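Down below is the structure, laid out as structure tokens.
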Amino acid sequence: MYTPACSLATGTAIFLNWFSQLSDAARSYIRVRKFPTGFLYWHLTMARVVQKFGGTSVADVGRIKQAALRAKAEHDQGNGVVVVVSAMAGVTNNLVELVDQMGSLFDAREYDVVVSSGEQSNAGLMALAIQDLGIQARSWLGWQVPIETDEVHGKARITGINSGELEKRLAAGEIAVIPGFQGISPANRVTTLGRGGSDLTAVAIAGALNADRCDIYTDVDGIYTSDPRIVTKAHKLEKITYEEMLEMASLGSKVLQTRSVELAMNHKVRLQVRSTFVDDPGTFVVSEDEIVEQQVVSGISHSRDEAKITLLRVSDRPGVAAAIFGPLAESSVNVDMIVQNVSEDGDTTDLTFTVGTGDLDTAVNVLEKNRTTIGIGTILADPGVVKISVVGVGMRSHAGVAQKMFTTLADKGINIQVISTSEIKVSVLVAEEYTELAVRALHTAYGLDAE
Ligand code: ASP
Ligand code: MG
């Protein structure tokens, strides 16, 4: 006798059994849906992948042809592919230099026309290289997509992407090649997204297309637990969270533009940082819930781009911090770590903070100018410091992370000058000569050394 309930259950069981035996890769092409009646059915789908190639990956015609093979491989698997290209390595710098040589007639709109051209020619070349492999491809300049931005030339923000036409072409199997870094303003002028902005283009396109992955092809093969040039036992991370990536400035910012990581976090775009030149998988930058076995500490980063300023005998009254940091902010000096002590006598106190090495002279000049009005005794400047940070989202739920850092450094006889913390990071300032010693000791202490 025919019993729908029974056959539904059996059918579902058979289906689930079959489905569970498929590899992850095979499953990614299958979408399981449910009819309102409860029947499960499945259909094949193509994944959408954005591939972004950085300047060294498309540095000449040979390399563009190599990169095109990566696009083909993805396309051969039945996926919808968008390729975002940078300018050839060094080209953007040369274009900036040409604008500088043109002299003082500075019009940021024309600057953008000039500096965006390196990406434009590479997009055309990449489309040709892909066509040469027998696959339909065309280039889409920023204004043709369009990638809409505001009018802040030189570092415009993306305000919207109309991806309708792209979607149609992808569905028809055509590869879209988009130059990174460029957009179009409301006044119909070409804009650029700030240096390193091709990453931002890739992430924004991936977000607009709801892509399954945004692969950032570069000349490093992933994100490491520490700088491998210092820590030989550093290892490549399989996954890292967006927040950690943002905090690990010295490990990450040379690889991915910070704004692009923020955008990826907001739109939950899964990024993969990988090398164009080797085949291994890279590091996935993903949200926390995708990481099953979270380490307490994911990495040790350091930044030599720090200088320490100490103000002795600062008058201790309301408004003094505002009087010190206001003029610095007006002079575009970014202040990072700050410590102020309670004053012993109620009259004066000492204050220490850090600024970027490049801002040290400006900061000292600004402070000297305001020294007597603010009431500062002595200004001491020290560029010989390094900021070392331990980073990990796991420290939200684990106590003792900072303590381990302090004892590890103490055991090595390293003096800590300034400390600052955030929810997922503990940073200390130490004398620059201890950089290697401190980073290696911490890498070992938190169990990050590769076997
Ligand atoms: N070519 C641009 C730059 O060098 C954008 C990029 O490559 O990300 O800044
Ligand atoms: Mg870059």
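Note that ligands are numbered from 1 as they come in the structure, with each ligand's atoms numbered from 1 the same way. What you see is a predicted model, and the numbers here were worked out from it, not measured in a lab.
- Within the structure, ligand 1 has Gly197 among the residues with a heavy atom less than 4.0 angstrom away.
- Each of the following atoms of ligand 1 lies closer than 4.0 Å to a heavy atom of Ser198: 5 (C), 6 (C), 7 (O), 8 (O).
- Side chains of Thr357 and Asp305: a donor on one and an acceptor on the other come within 3.5 Å.
- Across the listed options Glu119, Arg195, Gln257, Arg195 owns the non-hydrogen atom lying nearest to atom 4 (O) of ligand 1.
- Looking only at distances, no side-chain donor or acceptor of Ser389 sits under 3.5 Å from a matching main-chain atom of Val391.
- Checking only distances, Lys52 never comes within under 3.5 Å of ligand 1, N or O to N or O.
- Residue contacts with ligand 1 include Gly196, since one or more of its heavy atoms lies under 4.0 Å from the ligand.
- Surrounding CD of Gln295 are at most 12 heavy atoms belonging to other residues, nucleotides or ligands under 6.0 Å away.
- Of the candidates Ser86, Gly55, Pro179, Ser86 brings a heavy atom nearest to atom 7 (O) of ligand 1.
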Stepwise salt bridge (Lys or Arg N to Asp or Glu O under 4.0 Å) test for Arg70 and Asp279: CA-CA 10 Å; Arg70 298 230 172 241; Asp279 274 325; 3.1 Å; yes
I would like to know whether Lys268 and Asp289 meet side-chain contact (heavy atoms from CB on, under 4.5 Å); could you show each step before the answer? CA-CA 11 Å; Lys268 288 212 162 196; Asp289 50 23; 3.6 Å; yes
